[in-house]
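No hydrogens, no waters, no symmetry mates; every other heavy atom, side chains included, goes into these values. First the proteins, then the strands, lettered A, B, ... as listed; each starts at 1.
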Amino acid sequence: MILTGVFVDMLLSRPVFSRAKLTSSFTNLVCGLGLLLMSGAAQAEYRLNLQDPVTQTARDIFGLHMLIFWICVVIFVGVFGVMFYSIFKHRKSKNYEASQFSHSTSVEIIWTVIPFIILVVMAIPATQVLIKMEDTTKSDLTIKITGYQWKWGYEYLDSDINFYSTLATPREQIDQFNKDTAQPLGENYLLETDNMLVVPSGRKVRALITANDVIHAWWVPAFGTKKDAIPGYINELWFNVDEGKEGIYRGQCAELCGKDHAFMPIVVKVVSGDEFDAWVAAGGTFDASGIADESEIDTNERAEASEQAAVDSPAEQATPVLDAIVPAAQASDAEWTMEAAMAEGEKAVTTCIACHGQDGKGGGGGLFPAIADSAVATGPVEAHIDIVLNGKSGTAMAAFGSQLTDEQIAAAVTYQRNSYGNDTGDLVSPADVAALRN
Amino acid sequence: MANAAAVDSHDHDHHDHKPPFFQRWFMSTNHKDIGTLYLIFSLTMLFLGGAMALVIRAELFQPGLQFVDPHFFNQMTTVHALIMVFGAVMPGFVGFANWMLPLMVGAPDMALPRMNNWSFWILPFAFTILLSSFFVPGGAPAAGWTLYAPLTIQGGMSVDMAIVAIHMMGISSIMGAINVIVTVLNMRAPGMTLMKMPMFVWTWLITAFLLIAVMPVFAGAVTMLLTDRHFGTAFFDPAGGGDPVLYQHIFWFFGHPEVYIMILPAFGIISHIIPTFARKPLFGYSSMVFATAAIAFLSFIVWAHHMFTVGMPLQGELFFMYATMLISVPTGVKVFNWVTTMWRGSMTFETPMLYAIGVVFLFTMGGLSGLMLAITPADFQYHDTYFVVAHFHYVLFSGAVMAMMGGAYFWLPKWTGHMYNESLGKIHFWLTAIFFNVTFFPQHFLGLAGMPRRYADYPVQFTEFNQWSSVGAFGLGISQLLFVYIVIATVRGGKKATAEVWENPEGLEWTVPSPAPFHTFDDPPVVK
């Protein structure tokens, strides 16, 4: 459909520059080559080149990229200009008599030395940029970034703010298998999270990057930063967003990390230094600091279901900060009824169903076991809580003890033991979970 | 050793006496038949791996999940790559080596014919094991062909099956490489000094040394993975104090020379085709040999450019950047020499020549995007995006695979005794070249704009170019059916080919009749 549109546009010779802010040089080249530029107007904006840089590093990279690109273009045009000239002139059909020369030491020395000199010309600026990029000293604040299957955890090491950031795109948009239940894709499809990383502009932000399970990579293209998040390692990177470039920037995980590799985006909200200070002073909450929490607005617009959830538990939605290390204020036993636990559990199991399936029947052709009628979910409660808390080594079952509160784990376990056809009748309380934490 | 092979051939009185079907195809020690088996195997794998690529492209035609779930998608990307690398490209070149090396050096057969048989027959079993992993719990390996730990430590039993299969493929490759080295070093016709060897022989000799050097490294890496998974070691498992980055260093110490294992024989084939159709000797033969050797040497000291984002120290990043950039010098020499070989030739453009020119043109595009990837700061943006996917398909498909297709058209008359249909061959070339570019050129844009690779689903702004890519991929896949038709038609009949096939081609293979008799060069030719 879209392709048809593209072809129609090509036939109508629509102006090539109608859209997309491109670096004109790159566009010119591509136009010159007559390539793939026409587009239908109805689609989301696409790009041909690196995203617009908002840090000095990203601008440096962009400059390097264009420098090398043009050098390559010149070499390419030069070499193949000669080749195509030869192809048109030196052909048997034009009765061209073949010369029989077979070597020329001087020519060969020239075309060994000249490329070498070109390489040196490329290497000097590349080295300068690289040295700057690797200098993580004199930072203004430090954030620890942890990759999980499949979400990001952020800890502001200079304050006590920490939270997780999970894909906010509803499942109904992603699953297009069944056209009856599928929803149309949103504008920021797969590039939206429940909580955003908030950073100030004009300050050098240093990030310490690690992972909890497998290797991930944290990448925000507009910042010019990409670094692997490797379990057992702490990598470093830094960025300093230009003042005046406040806004939302989006990136994605860039290292294959299993099933939901494509579903753990990165959303960064860049605010002014003052706004950031207010945000930190308010303990990382948006309401108190007066900064619009765009993540929540987006989420509510997109999914009525989550809006409903927000009404159900306003306390949890009011703040995007989940304090995972110190469990949130727990409901007293009196409030912890089966109904409450099941309602809470239905939300908490979103973590579980990523692998074990919406219907609890497992996934991955058996790689991710079923919860329905499983030995764990119908056997002893302690073993069930234990595997959620501590994971199972040698498998993709992570230890969720540090990621979920006692309340969430209790709710999720309760839900799993009383859903999908399981009917143990067990009501697991947050205290049960707390008792099993080490 | 030369004598052993010669004695074997004396069992048959007549040059063209062939054994009965089963003995001939299942117990063969004849280099031509084994070469044919390798080539058929390679083509079969090309279609199998291609079918998986089409599953990938079908899913990526639109954002959202329409056909497969992400876990199965990851199996497709992983097994597609394993099949193409170890099942299509490497055995394909071994097939060419088997057919052509003895004919080119004037030897009656490969030096070690029984080992030759064995190294082929390991492959169907290895790939049966790999492919049957689709049917075990958890499905096939899904951690990418690089099998990075610790993701592979999480995988199901299919990872173990892949490891066993890789060991078998490694044994097969090493035996094939030994056979090449022994044949080339011991069985050349009198008078054929090393610096008179045809380029294909040179490139394969160097490739064979690369294979022997790095396949054991890969075997070591996957064995350590196996013991991490089952025997309580923690080489790579951080939970036990292991180092996931160590796996990457070992893997890419194998993986980068592997890249050249897949391209050097292609360079060899191109170096035969271009002089033939330019009617002019290869320009700068000795610098071509030295450039090949230089590329092979450099391939051992650039591996970490595949892992610039793991957080190496600055000095390491600088070293690997400079070393990687250096590779473009000998590679450039090869391209310049091919173009100069064409210069002031008397060119005709039969299908093999079209392929050779296509390879030089498109491979160079992949080489130049490789140079861009070498620039560490820029690589931070390109790494693990579709820019990389586009890059390595330009060197692997329009480099290695298209060179093999060109080579197949070039030597098909020698193998079958019939000329292929030239018009169909040219159509096949243009379909392949055009659809290839429709598939992979837009992927450069996708990568630059920020689409990571190995993604089952993507944000909406990547839609258009993914659609181009998917349409191109189906066109590319379907066009290859024409190749199968042309090959089968040529085997069955067609215009009789002369011994020389082309106009005054260079090389001993053109001195034997077409089709090449079952046994050739019982008496070694003399090279002046």
Side-chain angles (χ1 to χ4, degrees), chain A residues 2-3 36 43-51 61 64-65 68 72 76 82-83 86 90-92 96 98-99 102-103 108 111 115-116 119 126 129-130 133-134 174-176 185 189-191 214-215 217 221 226-228 230-232 235 252 254-256 258-259 262 364-367 395-396, chain B residues 63-66 70-71 137-139 144 150-151 154 156 238-239 244 279-281 283-284 287 309-311 314 317-318 322 325 329 332-333 336 339 342-348 361 368 372 375-378 380-381 383-384 442 445 448-450 452 454-457 459-461 463-464 467:
Chain A
I2 293 135
L3 278 169
L36 298 177
Q43 281 297 299
E45 189 166 309
Y46 66 79
R47 299 188 61 89
L48 299 171
N49 207 346
L50 294 174
Q51 295 184 15
I61 291 175
L64 263 182
H65 160 71
I68 300 150
C72 288
F76 191 80
V82 171
M83 186 181 87
S86 178
H90 306 151
R91 43 169 72 211
K92 199 183 177 192
Y96 195 89
S99 159
S102 69
H103 56 272
E108 292 186 70
W111 69 42
F116 189 81
L119 291 182
V129 173
L130 192 58
M133 288 182 81
E134 294 294 334
I174 297 168
D175 289 334
Q176 299 282 328
L185 309 189
Y189 177 72
L190 297 190
L191 290 175
V214 300
I215 303 175
K226 186 188 287 151
K227 206 64 129 186
D228 288 355
I230 304 170
N235 276 331
Q252 290 179 286
E255 179 62 58
L256 179 60
K259 188 171 77 69
L367 189 61
T395 71
Chain B
L65 299 174
Q66 287 82 21
H71 182 63
L151 190 55
Q154 287 184 352
R279 293 166 182 77
K280 191 164 159 282
F283 183 82
S287 64
T309 59
V310 297
L314 175 66
E317 289 176 338
L318 288 175
Y322 298 149
M325 291 169 79
V329 174
V333 166
F336 299 145
V339 172
M342 293 183 219
W343 185 253
R344 291 172 58 204
S346 176
M347 279 187 273
T348 52
F361 186 79
L368 291 171
M372 296 174 76
I375 309 298
T376 313
F380 290 146
Q381 291 287 48
H383 179 80
D384 260 328
F445 301 137
L448 293 179
R454 293 163 166 168
Y455 260 33
D457 195 5
V460 286
Q461 64 265 40
T463 309
E464 277 104 337
Q467 294 188 326

Heavy-atom pair count under 4.5 Å with chain B, highest-scoring of A:I215, A:V129, A:V214: A:V214

Checking A:I230 against chain B: side chain, backbone, both or neither under 4.5 Å from a heavy atom? side chain

Region of A:E108 that comes under 4.5 Å of a non-hydrogen atom in chain B: side chain

Heavy-atom pairs under 4.5 Å with chain A are the metric here; pick the option from B:S287, B:G139, B:G156 that has the most. B:S287

Taking every heavy-atom pair that is under 4.5 Å apart, which of A:L191, A:D175, A:L190, A:L185 has the most such pairs with chain B? A:L190

Residue selection (most heavy-atom pairs with chain A, distance under 4.5 Å) from B:P238, B:A456, B:G345: B:G345

Using a 3.5 Å distance criterion without hydrogens, assess whether the side chain of A:Q176 forms a donor-acceptor pair with backbone atoms of B:L65. no

Please lay out, stage by stage, how B:F283 and B:M342 fare under the test side-chain contact (heavy atoms from CB on, under 4.5 Å). CA-CA 9 Å; B:F283 183 82; B:M342 293 183 219; over 6 Å; no

Distance (rounded to the nearest 0.5 Å) between A:I61 CD1 and B:Q381 CD: 5.0 Å

Please state whether the rings of A:W111 and B:F336 are parallel, tilted or perpendicular, taking 30° and 60° as the class boundaries. tilted

Are the side chain of A:S102 and the backbone of B:P281 linked by a donor-acceptor contact shorter than 3.5 Å? no

Between A:G232, A:A254, A:P115, which residue shows the highest count of heavy-atom pairs closer than 4.5 Å to chain B? A:A254

Between the main-chain N or O of B:G138 and the side-chain N or O of B:H71, is there a donor-acceptor pair closer than 3.5 Å? yes

Side chain / backbone / both / neither for A:N235 at chain B, heavy atoms under 4.5 Å: side chain

Bottom line for A:L119: the part with an atom under 4.5 Å from chain B's heavy atoms is both

Residue part contacting chain B, namely of A:L64, when any heavy atom lies under 4.5 Å: side chain

Whether the side chain of B:D457 engages the backbone of B:G64 through a donor-acceptor N/O pair (distance < 3.5 Å, no angle test) should be reported. yes

Sort A:E134 into side chain, backbone, both or neither according to what part of it lies under 4.5 angstrom from a heavy atom of chain B. side chain

Considering only heavy atoms and a distance below 4.5 Å, find which of A:K226, A:E255, A:K259 pairs most often with chain B. A:K226

Backbone N/O of A:S99 and side chain of B:K280: donor-acceptor pair under 3.5 Å: no

Got a second to check how far B:Y455's OH is from A:Q252's CD, nearest 0.5 Å? 4.0 Å

Atom group of A:A126 that falls short of 4.5 Å from chain B, counting heavy atoms: both

Name the member of B:G284, B:A378, B:P459 that forms the most heavy-atom pairs with chain A at distances under 4.5 Å. B:P459

Ranking B:V339, B:T348, B:V310, B:V329 by heavy-atom pairs under 4.5 Å to chain A gives rank one to B:V310

A:F116 CZ: over 12 foreign heavy atoms closer than 6.0 Å: no

When the 4.5 angstrom heavy-atom criterion is applied to A:L256 and chain B, the contacting part is both

Contacting moiety of B:I375, where chain A heavy atoms sit under 4.5 Å: side chain

Answer whether the closest heavy-atom distance between the side chains of A:R47 and B:Q461 falls below 4.5 Å. no

Does any heavy atom of chain B fall under 4.5 Å from the side chain of A:M83, the backbone, both, or neither of them? both

